[in-house]
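Lettering follows sequence order; numbering is per chain, from 1. None of the values given here were measured: they were computed from a predicted structure.
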Amino acid sequence: MGIKVFKLPDLGEGLTESEIVSWHVAEGDAVQLNQILGEVETAKAVVELPSPFTGVVRTLHEGPGTTVSVGEPIVSIEVEDQGQPDDGGNASGEQMQQRQPNLVGYGAAAERNGRPARRPRRVGGAAGATSGPVAQMAATNVAALPVAQGAEPGPAAAVTDHGPAGSVGEPAPAAPAAERPRSTPPVRKLAKDLGVDLAQVRGTGERGLITRGDVQDFHDAGAAAPSGSTAPAPAGGWLAGAAGPETRIPIKGVRKLTAEAMVASAFTAPHASSFLTVDATASMELIQRLKAHKAFAGLKLTPLTITAKALCLALGRHPELNALWDQNAGEIVQQNYVNLGIAAATPRGLTVPNIKDAHRMDLRGLAEALGELAATARAGKTAPSELRGGTISITNIGVFGIDAGTPILNPGESAILAVGAVRRQPWEYRGDVALRDVVTLSLSFDHRVVDGEQAGRFLADIGSILSDPGMALTMV
Amino acid sequence: MSLPGTDPTGPLNDESYIQLLAPDGTRITSAEFDPWLEDIDGDRLAGLYEDMVVVRRLDQEATALQRQGELALWPPLLGQEAAQIGSGRALRKDDFVFSSYRENGVAYCRGVDLTDMIRVWRGNRPSGWDPYEINMATPQVIIGAQTLHATGYAMAAKFDGDDAVAVAYFGDGATSQGDVNEAMVFAASFQAPVLFFCQNNQWAISEPVGLQAQGKLSDRAPGFGIPSYRVDGNDVLACLAVTRKALDHARIGGGPSFIEAVTYRMGPHTTADDPTRYRDANELEDWKRRDPIDRLAALLSAEGLLDEALRQRVQQAADDAAAEMRAGCINMAEPGDLELFENVYTAPHPVLARQRQHYERYLDSFEAAEWGH
């Protein structure tokens, strides 16, 4: 007689654990080869476990509801020592005795009771080269990265004075995207079925993993004592995965460059800001009409597109906003072309690629250019040349559900316009209060170059186009 | 009784396909296809039955081995036995099969060693067998790519003046791939002796065939200039007869054919899949009534052939095959650490030699393995 141990296999291409759902056998039961011992639930499926041995169940190592790591024993079965094992065809008894279930993918000899405890012999040494890629990436970005502000809800966020104002209607996308609570698809399904918000559940599994039991417990507790009360559930799920009271992130790469540029800009150019809230319903209607137009087929038309065009038109009447303070030459350089920067939150961080000669483009051309710019930036493929030579910038804070902010200037430019979220709001309309599409424009400008009057007129021109696109005809 | 080409029993009754054996075991006569079954006497009928039972048992054993940690993954063929055995037994020895990963029933017909059948799925070797020993390429995992290989092989056979046929096996999902469509263009252009055998098992993992095919899959081939057949894929006799006819057509210089075998994947896509999440349990129940093995058993019973002796013989054959596969799996010798590098190129290759050295050094960088306990 001998004891053979059935260890939890990887049941689905790279899983690390499973939860015991039920046992179909009890200790002391005789079992046949391939007889179903019980069910386990992986992250992918509930599966039945057939017995790898014929014999008598001696130990069920874990009970239902327990999460077991791959490779841990789950059932021990006492088997007959036989010359002709019934599970092995022509295999010799001795061979069979030595063999244990081999966990494919977990090392060649994993059948020997666990994984090899490998440890590196040399620490450091050649591994010092690991800083290479990072350093290299920073180097390639150094010369190329002008930085504006506002597209990213980071530490230097422009929204300081205006908290994410009590937002109406839409689910607030303004909050920093909390990481989804860690759980597996079947557990998420269970939570959904039970109406349990996983963000409220404290995970007891490895690294805060929320298990089926956690969801069930939370649900049961909730049913007993409805909402609120004593349970000290963290407000968001964001604390659950944290390793300690603080997380320290090295300042490097794009973050470091962004910070340097922000400091240089904020403490060189005296910033001032103006705000204008307008009824942009007519622009939204125009967008709808143009979307149906052949010329705009396949193009993305948004309030940003209209705003970009309005800004270029308004710049024609207020060229002083499209200027550069040249300290060394003692000159203000008015630029007679528009390279329109668009702040973009990219996987690498904040970048402000610009659209060259935006003033020459019609609305269709701008829509195309904006689409390409966004796609390129998202793909992380923005070329250094696209980051250089901007003359004025737009930051589209509306995509984060933000209304207004005081953006910091992209170094070397004299104005930056933040476009807020277009919201359906009660607004005066023809002597009544009506629901209208309302948007706030925030303009920061370099007060060395531009005075409040010029900035105000410039902003008013943009606003007038947004509220009545026909006004554009008066500016060309 | 129903006419050939109609199935009055279920949701498919608005569709037409070639059927010679109804789900209740009734033999349906067909002037067109019966001549292709003239040699199928009682013994051969029993042989087809044994094949299907053994293949189903092997499939179940491999699924169990995966659940027991002995295989990394397994793609079950449960429900597709008739399509694979019917077509597989129609092949000549010198025909050449290019299959996907689910055609273990076809592999069985070709004579694949049962240990070799699961070698790849245990992660033991990059490929399980020598293709030239059994005239079957090792399974293609890239969806549909094997149709191009089959077409190329068939073009070469034609250039050589050989009358062997290349057979490409693929599923309904693969028909959406560019490769499959390109293969059909080439096969038609060169009138290559290739048979496109599509097992429409209704599901491309979780996508039902109706999503990617607004018409019958078999209707696509004529657009390429390739004649096609739509056959009841759970009817082993229809699959055998139609495949024989299509192979003969290719052998005598008639060019490619396309067969859509309408069947059903009764199990998961692979052992890592849970089909209950995306398909209705009733669907499985409907298809169980069209089970390929049950209907042949019913025919054998009606003919008085399925006696206790045959039952026991088939049961024994299935048990023996399963035991052989299990033993072969559990006792499979592990490959050496560096074997991976040995069959990449036929001649020494400096880049590979350097990679091998690096890997050796990497392995040496670990202390001698310490085993717990």
Side-chain angles (χ1 to χ4, degrees), chain A residues 6-15 33-37 40-53 70-71 85-92 95-96 99-122 125-126 185-186 189, chain B residues 57 60-74 114-115 118-124 268-278 319-337 339 358 361-373:
Chain A
F6 184 17
K7 296 170 194 160
L8 181 73
D10 172 5
L11 292 159
E13 296 185 272
L15 299 175
L33 176 70
N34 289 345
Q35 181 181 335
I36 300 304
L37 297 173
V40 300
E41 179 166 8
T42 72
K44 292 179 176 176
V46 174
V47 298
E48 294 180 328
L49 287 185
S51 174
F53 316 112
V70 167
D86 52 10
D87 59 348
N90 51 15
S92 86
Q95 269 179 314
M96 294 302 294
R99 297 294 306 198
Q100 299 242 328
N102 180 6
L103 301 174
V104 177
Y106 283 80
E111 73 272 19
R112 274 192 260 172
N113 227 352
R115 279 182 253 176
R118 286 182 153 176
R119 65 171 183 247
R121 180 181 293 156
R122 295 183 298 272
K189 170 79 162 58
Chain B
R57 177 60 193 278
Q60 286 165 341
E61 194 70 16
T63 303
L65 284 166
Q66 195 279 336
R67 298 293 184 230
Q68 292 157 357
E70 300 290 350
L71 298 180
L73 187 72
W74 179 253
L114 298 183
T115 306
I118 51 175
R119 201 173 283 286
V120 166
W121 305 104
R122 191 173 166 86
N124 184 272
H269 172 71
T270 68
T271 47
D273 173 43
D274 179 3
T276 64
R277 295 192 184 184
Y278 51 80
D319 288 348
D320 290 350
E324 182 187 337
M325 175 185 264
R326 172 170 289 270
C329 178
I330 291 175
N331 296 314
M332 205 180 287
E334 296 291 349
D337 284 340
E339 245 177 68
H358 286 175
R361 241 181 296 148
Y362 169 72
L363 291 178
D364 288 347
S365 71
F366 296 107
E367 298 280 11
E370 292 168 14
W371 306 100
H373 321 282

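A search for side-chain hydrogen bond (donor to acceptor under 3.5 Å, both in side chains) contacts involving A:E41 returns A:R212, not counting sequence neighbours. B:E339 meets the side-chain hydrogen bond (donor to acceptor under 3.5 Å, both in side chains) test with B:R125; sequence neighbours excluded.
Residues A:P9 and B:G69 share a closest heavy-atom pair of CB-CA, 3.1 Å. The minimum heavy-atom distance between A:P50 and B:Q68, with the atom names listed, is O-NE2, 3.0 Å. Closest non-hydrogen pair, B:R326 versus A:P52, comes out as NH1-O, 3.9 Å.
Of the atoms belonging to A:V46, it is backbone heavy atoms, and not side-chain ones, that fall under 4.5 Å from chain B. There is no contact between B:N124 and chain A, counting heavy-atom distances below 4.5 Å.
Of the listed residues (B:E61, B:R67, B:Q66), the greatest number of heavy-atom pairs within a distance under 4.5 Å of chain A belongs to B:R67.
Put simply, CG on A:N34 and CD on B:Q60 are 9.0 Å apart, with the number rounded to the nearest 0.5 Å.
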